[in-house]
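In what follows, a structure is listed as structure tokens, so that the remarks can point back to it.
Letters A, B, ... mirror the listed sequences (proteins, then strands); counts begin at 1.
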Amino acid sequence: MLEKFLKPYDAAAVEPAIYKMWDESGFFNPDKLPPRLDAQGKPAERTEQFSIIMPPPNANGSLHAGHALFVTLQDIMIRFERMRGKKTLWYPGADHAGFETQVVYEKKLEKEGRSRFEMSREQLYKEILDFTLANKSFMEGQLRQLGASCDWSRELFTLDERVVKTVYATFKKLSDDGLLYRGSRIVNWCPKHQTSLSNLETNRTPRTDAFYYFKYGPFTIGTARPETKFGDKYVVMHPADPRYVAYTEGQQIDLEWINGPITATVLKDEAIDMEFGTGVMTITPWHDQTDFEIAKRHNLPLEQVIDWRGKLLPIAGEFAGMSIKDARPKIVEKLKAKDLLVKIDEAYVHEVPVCYKCEREIEPQIKAQWFVAMQTLADRAKEAVQKKEVTILTEQHEKIMLHWLENIQDWNISRQIAWGIPIPAKLCEKCNDGFIDMDDSKTACPTCGGPVVADPDTFDTWFSSGQWPFATLGYPDSADFKTFYPTSVMETGADILFFWVARMLMLGLYVTGKVPFKDVYLHGLVRDAHGKKMSKSKGNVISPLEISNEYGTDALRMGLIVGNTPGTDLNLDPKKINAYKKFANKIWNITRFVLESTQDAPATATLTEQDAAHLAAFRALSQDITKDIEEYRLYMAAEKLYHYLWDAFASTLLEESKPILKGEDTAAKASRQVLLRDILLDSLKLLHPFMPFVTEEIWQSIGTPQNLLMVEHWPVK
RNA sequence: GCGCGGUUAGCUCAGUUGGUAGAGCAUCCCCUUGACGUGGGGAGGGCCAGGGGUUCGAGUCCCUUACCGCGCACCA
């Protein structure tokens with residue numbers, strides 16, 4: 001009887017040593033996994049592969065509960081398949097997380113009273129790189145604490161040269177295939193962060209604003225944004241609107257406007273909603289998507305009214321240089337003084353796009369950017385989903401994905417930030433054209449021969465992240481790519497279904513011709529005990545590392561798994577974690593009892609009829625659990641193990657065993673001893689993917705064969 | 001506007017292909033029985049949101065209503 005089982009299980013004391021043992025075994029690396037013993041007991045090669053590419057955590061902060069959840073889910077899958085004899089690769093990485101990290105760093109600068117706009121690009125890049133690399137190693141330590149059995153020898157950073165090369169090759173391929181274009185379009189401009197953003201990086205928030213009605217010659221126009229109206233010289237109405245049949249396309253009308261008399265031109269366009277406002281509007285093509293499209297259709301001039309910082313330009317006359325907020329009431333005041341104000345609707349509820357990071361209102365601006373034409377890519381991805389080349393868990397998310405793919409829009413992949421992969425392109429200073437320059441060799445514009453400068457922009461992080469599965473595995477030639485692509489499962493948060501999963505699917509299919517993963521397992525958000533979203537400002541953030549320290553990583557993992565169905569949110573309650581801490585101790589004590597009771601046990605025995613039935617029931621349960629894991633019902637498998645061990649094994653079987661073990665019937669006693677020992681050993685195997693530390697610790701202590709439990713054979717064929 | 005979910009015990013949630021409901025926490029009672037008091041044994045508590053339908057049988061499938069939530073979208 002080992003001394004250590006006389007004391008309660010102390011997770012914090014054993015976990016680091018256990019992890020070290022696994023790590024040093026080399027078995028996280030699929031190339032170093034030990035051979036399997038075949039039916040004849042001979043070593044055999046692992047022929048089937050199983051691979052997961054880890055969603056690379058952002059190297060800009062501490063791991064949060066969502067990270068702990070993905071580590072747990074993926075580690076369970078990997079450990080399960082490794083024990084089942086597959087060649088398992090779990091590929092770890094770290095994400096530079098372009099915009100996200102730059103925002104984090106900018107906040108840090110702000111606290112220090114500094115600003116990115118006061119430093120050179122190079123300086124900013126260098127500082128963020130140092131910051132990121134420091135965080136990266138910190139974060140890796142945390143992944144280890146959570147038990148991640150990933151292959152550290154392969155770890156890749158999203159700014160590593162291999163990734164950049166892959167990304168450049170894809171950029172070039174898109175261009176060669178005519179799927180890439182540079183164009184001046186309306187982009188989502190964040191005046192705080194000074195960059196354009198993709199549609200996914202903006203949120204819409206409902207707001208109540210004033211809606212103004214102004215006299216515009218013979219018309220009354222409605223607007224929520226008087227500050228954009230300075231250059232409005234076109235007045236538009238629906239061609240079928242009976243109220244305005246008297247006016248004809250191209251008709252010119254002299255009228256008094258904000259800063260004096262102007263000549264306005266009448267346009268008819270079907271984009272106008274006759275029901276809205278007065279059915280007449282003036283257009284500001286530089287700052288509105290709809291207006292921009294109308295302007296394009298009618299070939300109208302474009303003029304910027306608001307600058308990149310959100311201040312009015314000289315076109316605004318006396319209001320030039322003012323912020324929107326300051327200018328708006330003054331403009332309205334002036335129009336009122338000129339008797340051009342008709343009325344104000346104070347309770348106009350609409351939704352305005354805001355930057356998803358700073359929540360500042362997005363200012364639509366026209367800017368030349370690189371765009372990827374998405375329709376072809378999306379069509380292929382849609383086909384892959386419909387033909388089940390890739391299976392998305394859950395069906396609900398599959399529908400959401402298809403819906404998104406069907407309504408795909410072109411993707412602006414340029415960002416005006418320093419922290420990212422530079423776009424390998426040059427811009428002409430004369431004709432403003434942009435062109436790809438992969439080897440940085442072009443010195444003149446191929447269109448007009450003008451002088452060129454390097455494109456100062458970087459790629460949207462998701463453009464490179466979208467290529468992560470084949471970038472990590474070394475497309476097209478490496479052995480890893482040939483062995484492990486397509487990967488088995490992509491396990492990630494449902495919240496990045498479009499940002500990441502859809503892009504990986506589209507780009508993976510486009511570049512490699514194959515889906516990047518066969519199954520997609522999406523997890524929901526980890527919320528606090530009451531279902532509230534965790535946030536620093538609410539003060540309800542639960543740190544997985546603290547939980548792990550207090551209750552043990554195994555308990556944390558169980559708390560994250562039991563009751564957590566794919567695609568739905570999970571409430572993390574420390575009380576629940578505590579229940580699984582007790583469970584770890586329960587297993588510890590079960591072991592103690594079995595060890596004490598089986599010291600004089602024979603190696604084998606003929607099972608009594610009753611014991612054979614117990615064993616059969618356990619075998620049936622083991623098969624059930626195996627099937628549950630295969631079909632991604634990890635929550636069911638974990639709960640079944642919990643109940644079997646606590647209720648069936650400990651409370652019932654062990655209690656029932658006490659008289660038998662003390663009894664006179666030696667055959668019955670031997671049978672029961674063998675039964676208890678065998679079930680315990682197999683239970684440890686079944687439980688290992690879920691609670692790797694306590695099971696390995698016990699395995700090492702009672703050590704039948706001196707192997708790591710991590711690479712033992714799964715007890716179900 | 002279009003699309004997608006949820007509504008099960010006091011609280012937070014499970015319930016795999018339809019076969020008369022489960023967990024954790026909370027509540028109440030009993031137990032210093034040598035594996036474990038981080039325990040053991042037991043109890044209470046649910047017309048599974050309302051209504052309709054399919055079925056021998058529905059929490060589970062279909063329709064509908066109400067409430068809550070989420071995603072997408074260029075209404076000035």
Side-chain (A/R672) to main-chain (A/A668) donor-acceptor, under 3.5 angstrom: no
Which part of the nucleic acid does [X] contact within heavy-atom distance under 4.0 Å: base, sugar-phosphate only, or nothing?
{"X": "A/Q409", "result": "sugar-phosphate"}
{"X": "A/I272", "result": "base"}
{"X": "A/R225", "result": "nothing"}
{"X": "A/D273", "result": "base"}
{"X": "A/H643", "result": "sugar-phosphate"}

[X] [atom1] - [N] [atom2] separation (whole Å):
{"X": "A/K268", "N": "B/rA76", "atom1": "NZ", "atom2": "P", "result": "22 Å"}
{"X": "A/I283", "N": "B/rC74", "atom1": "CD1", "atom2": "C1'", "result": "13 Å"}
{"X": "A/E270", "N": "B/rC75", "atom1": "CD", "atom2": "C1'", "result": "16 Å"}
{"X": "A/I392", "N": "B/rC4", "atom1": "CD1", "atom2": "P", "result": "15 Å"}
{"X": "A/L525", "N": "B/rG71", "atom1": "CG", "atom2": "P", "result": "10 Å"}
{"X": "A/E293", "N": "B/rA76", "atom1": "CD", "atom2": "P", "result": "14 Å"}
{"X": "A/N203", "N": "B/rC70", "atom1": "CG", "atom2": "C1'", "result": "12 Å"}
{"X": "A/L570", "N": "B/rC25", "atom1": "CG", "atom2": "P", "result": "16 Å"}

Residue among A/Y642, A/F690, A/Y644, A/Y551 satisfying ring-ring contact (aromatic ring centres under 6.0 Å, His included) with A/F583: A/Y642
[atom1] gap between [N] and [M], integer Å:
{"N": "B/rG41", "M": "B/rG24", "atom1": "P", "value": "12 Å"}
{"N": "B/rA21", "M": "B/rG44", "atom1": "P", "value": "15 Å"}
{"N": "B/rG69", "M": "B/rC56", "atom1": "P", "value": "41 Å"}
{"N": "B/rG52", "M": "B/rA66", "atom1": "C1'", "value": "15 Å"}
{"N": "B/rA9", "M": "B/rG22", "atom1": "C1'", "value": "10 Å"}
{"N": "B/rG18", "M": "B/rC61", "atom1": "P", "value": "8 Å"}
{"N": "B/rU54", "M": "B/rU27", "atom1": "P", "value": "47 Å"}
{"N": "B/rU7", "M": "B/rG59", "atom1": "P", "value": "14 Å"}

Pair A/W411 and A/F371, ring centroids less than 6.0 Å apart: no
Nucleotides 5-17 of chain B: protein proximity per nucleotide (B base, S sugar-phosphate only, - neither; heavy atom, under 4.0 Å): S------SSSSB-
Per-nucleotide protein contact string for nucleotides 26-41 of chain B, where B marks a base within reach and S marks sugar-phosphate only (heavy atoms under 4.0 Å, - for neither): ---------BB-BSSS
Cationic N near anionic O, under 4.0 Å, A/E227 to A/R328: yes
Test side-chain contact (heavy atoms from CB on, under 4.5 Å) applied to A/Y632 - qualifying residues, sequence neighbours left out: A/M77, A/L393, A/V489, A/D519, A/Y521
Partners passing side-chain contact (heavy atoms from CB on, under 4.5 Å) against A/S622 (at least two apart in sequence or in another chain): A/F618, A/L686, A/V716
Residue whose nearest RNA chain B nucleotide is more 5′ - A/N199 or A/H350: A/N199
Side chains of A/H287 and A/E363 in contact at under 4.5 Å (non-hydrogen atoms): yes
Residues in salt bridge (Lys or Arg N to Asp or Glu O under 4.0 Å) with [X], at least two apart?
{"X": "A/K4", "result": "A/E697"}
{"X": "A/R204", "result": "none"}
{"X": "A/K215", "result": "none"}

Base-pair map of RNA chain B as dot-bracket, where | denotes pairing with a different strand and pairs are Watson-Crick or G-U under 3.5 Å: (((((((..((((........)))).(((((.......))))).....(((((.......))))))))))))....
RNA chain B contacts made by residues 206-216 of chain A, counting heavy atoms under 4.0 Å: none
Salt bridge (charged side-chain N to carboxylate O under 4.0 Å, His left out) contacts in which one or both residues fall within residues 292-305 of chain A, not counting sequence neighbours: A/D269-A/R297
Any residue meeting ring-ring contact (aromatic ring centres under 6.0 Å, His included) with A/Y9, in chain and number order, not counting sequence neighbours: A/W588
Sequence-distant partners of A/F214, ring-ring contact (aromatic ring centres under 6.0 Å, His included), two or more places apart: A/Y212
Parallel, tilted or perpendicular, as decided by the 30° and 60° cut-offs, for the rings of A/Y213 and A/F211: perpendicular
Out of B/rG3, B/rA73, B/rA76, whichever nucleotide has its closest atom nearest the side chain of A/F276: B/rA76
A/K325, A/R225, A/R207 screened by salt bridge (Lys or Arg N to Asp or Glu O under 4.0 Å) with A/E361, the one that passes: A/R207
Criterion salt bridge (Lys or Arg N to Asp or Glu O under 4.0 Å) on A/E201 and A/K357, from CA distance to verdict: CA-CA 8 Å; A/E201 288 159 321; A/K357 277 288 142 194; over 6 Å; no
